[in-house]
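In what follows, a single structure is set out as structure tokens and then discussed.
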Protein chains: 2
Amino acid sequence: MATGRTHRPATRSRGIPEATVARLPLYLRALTALSERSVPTVSSEELAAAAGVNSAKLRKDFSYLGSYGTRGVGYDVEYLVYQISRELGLTQDWPVVIVGIGNLGAALANYGGFASRGFRVAALIDADPEMAGKQVAGITVQHSDEMERIISDNGVSIGVITTPPGVAQQVCDRLVAAGVTSILNFAPTVLSVPDGVDVRKVDLSIELQILAFHEQRKAGEEAANALPDGAVPASVTRKESADKGPDGDVPAVMPA
Amino acid sequence: MATGRTHRPATRSRGIPEATVARLPLYLRALTALSERSVPTVSSEELAAAAGVNSAKLRKDFSYLGSYGTRGVGYDVEYLVYQISRELGLTQDWPVVIVGIGNLGAALANYGGFASRGFRVAALIDADPEMAGKQVAGITVQHSDEMERIISDNGVSIGVITTPPGVAQQVCDRLVAAGVTSILNFAPTVLSVPDGVDVRKVDLSIELQILAFHEQRKAGEEAANALPDGAVPASVTRKESADKGPDGDVPAVMPA
DNA sequence: CGATCTTTGTGCACGCGTTCACAAAGACAT
DNA sequence: ATGTCTTTGTGAACGCGTGCACAAAGATCG
């Protein structure tokens, strides 16, 4: 209960690396699965495999939380589940509002992963009067006029934006003004927020584009492997462009 | 960010740093917006602001692609749009299959951001016989028995998994066996794939948990300001606005 | 044509995150 | 107790990404 920092070297006291924080939920999920199978303890090697990471990395990550393992044995599953949950702040209830109840907003409202981790959908908000009153995932959608009141009444500090990009910034501003200090943004827009407000973005299109890049690279290497290695395929007469892969300039058609 | 990599590319991604690749879609979006406003050229400073990054970082990123700018002037918007599109492989058509047509799968099928960037939903696949034949986003859902044929017939190399976690690995295995080499995974599971297959994961629950951590930290610091405890006060300026960011694509899914 | 002004491209230093490798710590057997 | 065996926790090295600061390159003007 008291804050997590019981006794920690002052030198490194509060600083859990961001990269570590991002992996804690991963460990937590693996540990929860083990817990459900009533596994009492787990070694860093086993847990790392389950979480899909390197065991040394996992041990170092845990070392930032404290010494919760037992040498020669491993980690106590239940204890670790609790410690990580507490560190992440999941031992408390986090009311969340979702703004923009379209396909994606509805999908999120129905997503079971939220409730199971201490997150509670406090309200669904949409600007369309037609949507207000409708039931989505068992929750009545409310009009955005109510936004400020809802946030205030429920002590909401986390907001999820699933609106069209054009209105995302305005929605963001209203959320922040009403007291929200953490935002999960699904709209493809750059949100600017004051200091002290955290924004995380999830962009479906960008993920696909990154995959496309690697996919193209793979195709390029494949083609290159069919050629005598070393020399650049002479068949490709490229202009000044550095020394790109063997992909030709395909269609030069870009929407203007 | 949501990234899941199983294995390191071993071979350098054509020399372009992974971090740079992840930002290219961001620049592309900003550039596309400028293009639509018929802006002819843009400086690294302006573009960086629009993309929500540091201008030095942007210039360094572009330097990996080649020298596409003009000193004293800036970058030619149209030319840069084309170069980045080509680098990302967006000048070609990428057929994509979505497996698991639940709330999230349907939301993705309706997502406009895909089509606008060279991605085409080639098929929607679901294991439920009840779903087969239904129309989602104007596309007829097909039964998973057809998976292999669909992938083969359409030359699909990118698959999106939006199934329940329990069947994600099996679906993944079938996709890979059928020829898919890039996977975007929305299921909260660690997928194991053979070398040469890229996996990126988007985990909604994890993003919220990371926000909860920072939220709790903020609340803790606030309370700590009244505490005599160790000296950890000034470190509040830590702000890691790593991703103030933006990224997004043009169209959204939401119904207006 | 030369001076000045703007903006790119990049060498360099720094800090974070990852990985290795091993000493320390505890369990367990004798 | 003592020795052996297992596994953690971490010091140290390394590599990647970031940001600074500036020289080089080109535009523009007189």
Side-chain angles (χ1 to χ4, degrees), chain A residues 7-9 11-12 14-24 26-27 39-49 51-77 79-80 83 210 240-242, chain B residues 1 3-24 26-27 39-49 51-77 79-80 83 210 235 237-245:
Chain A
H7 38 47
R8 191 85 47 63
T11 57
R12 172 81 77 173
R14 209 65 262 269
I16 296 180
E18 191 58 28
T20 295
V21 172
R23 280 188 294 269
L24 290 182
L26 224 53
Y27 302 143
V39 178
T41 62
V42 64
S43 71
S44 64
E45 202 69 50
E46 295 168 317
L47 185 55
V53 303
N54 177 298
S55 70
K57 190 186 295 184
L58 178 143
R59 286 198 300 276
K60 177 142 290 192
D61 282 342
F62 285 176
S63 77
Y64 291 117
L65 308 183
S67 291
Y68 295 149
T70 303
R71 299 177 191 226
V73 176
Y75 299 91
D76 182 275
V77 173
Y79 187 57
L80 205 46
Q83 289 298 343
I210 295 173
E240 40 43 274
S241 107
Chain B
M1 153 186 51
T3 301
R5 157 157 291 96
T6 309
H7 270 352
R8 201 104 276 272
T11 48
R12 319 177 282 307
S13 304
R14 195 63 265 148
I16 299 179
E18 190 61 28
T20 294
V21 172
R23 280 188 294 268
L24 290 182
L26 225 56
Y27 303 143
V39 177
T41 62
V42 64
S43 71
S44 64
E45 202 69 49
E46 295 168 319
L47 185 54
V53 303
N54 177 297
S55 70
K57 190 186 297 184
L58 178 144
R59 288 198 300 276
K60 179 146 293 191
D61 282 342
F62 284 177
S63 76
Y64 291 117
L65 307 182
S67 291
Y68 296 148
T70 303
R71 298 175 191 229
V73 175
Y75 299 90
D76 182 274
V77 173
Y79 188 56
L80 204 46
Q83 290 298 343
I210 295 174
S235 62
T237 352
R238 238 182 87 48
K239 192 65 206 103
E240 97 296 28
S241 57
D243 40 66
K244 231 94 214 238

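Nothing here was measured: the structure is a model prediction, and the numbers come from that model. Chain letters run A, B, ... following the sequence lines, proteins first, then strands; residues in each count from 1.
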Separation of B:Q83 atom CD from C:dT8 atom C1', in whole Å?
17 Å
Short N/O separations, protein against nucleotides 12-15 of chain C, under 3.5 angstrom:
from: C:dC12; atom 1: N4; to: B:K60; atom 2: NZ; distance (Å): 3.2

Between P on C:dC20 and CG on A:L58, what's the gap in Å once rounded to a whole number?
14 Å
In the structure I gave you, are the side-chain heavy atoms of B:L58 and B:R23 within less than 4.5 Å of one another anywhere?
no
Check this one for me: any side-chain N or O of A:Y75 less than 4.0 Å away from OP1 or OP2 of D:dG9?
yes
Atom-pair distance (CZ on B:R23; C1' on D:dC16), nearest Å
12 Å
Atom CD of B:E18 to atom C1' of C:dT18: distance rounded to whole Å?
16 Å
Ring-ring centroid check A:Y68 A:Y75, cutoff 6.0 Å
no
If the cut-off is 4.0 Å, is A:S44 near the phosphate of D:dT8, judged by side-chain N/O to OP1 or OP2?
yes
Can you tell me how far C1' of C:dT8 sits from CG of B:D76, to the nearest Å?
15 Å
Whole-Å distance separating the CG atom of A:N54 from the P atom of D:dT8:
13 Å
By nearest nucleotide on DNA chain C, pick out whichever of B:G72 and A:D61 is the more 5' one.
B:G72
Side-chain N or O of A:R59 less than 4.0 angstrom from OP1 or OP2 on D:dG11?
no
Side chain proximity check, B:Q83 to B:L65, heavy atoms < 4.5 angstrom:
no
Hey, are the side chains of A:T20 and A:F62 touching, using non-hydrogen atoms and a 4.5 Å cut-off?
no
Nearest whole Å is fine: how far is C:dT10 P from B:K57 NZ?
18 Å
Whole angstrom is fine here: how far is it from CG in B:L65 over to P in C:dG9?
10 Å
Nearest to the side chain of B:S43, heavy atoms from C-beta on, is which of C:dT7, D:dA21, D:dA27?
C:dT7
Closest non-hydrogen atom pair between A:A48 and A:S55, with its separation:
CB-CA, 3.5 Å
Where is the tightest heavy-atom contact between A:D76 and A:T41, given as atom of each residue plus distance?
CA-CG2, 4.2 Å
Could you pick out which residue, A:F62 or B:R71, lies toward the 5' side of DNA chain D when each is mapped onto its nearest nucleotide?
A:F62
Whether the side chain of B:T70 engages the backbone of B:V73 through a donor-acceptor N/O pair (distance < 3.5 Å, no angle test) should be reported.
no
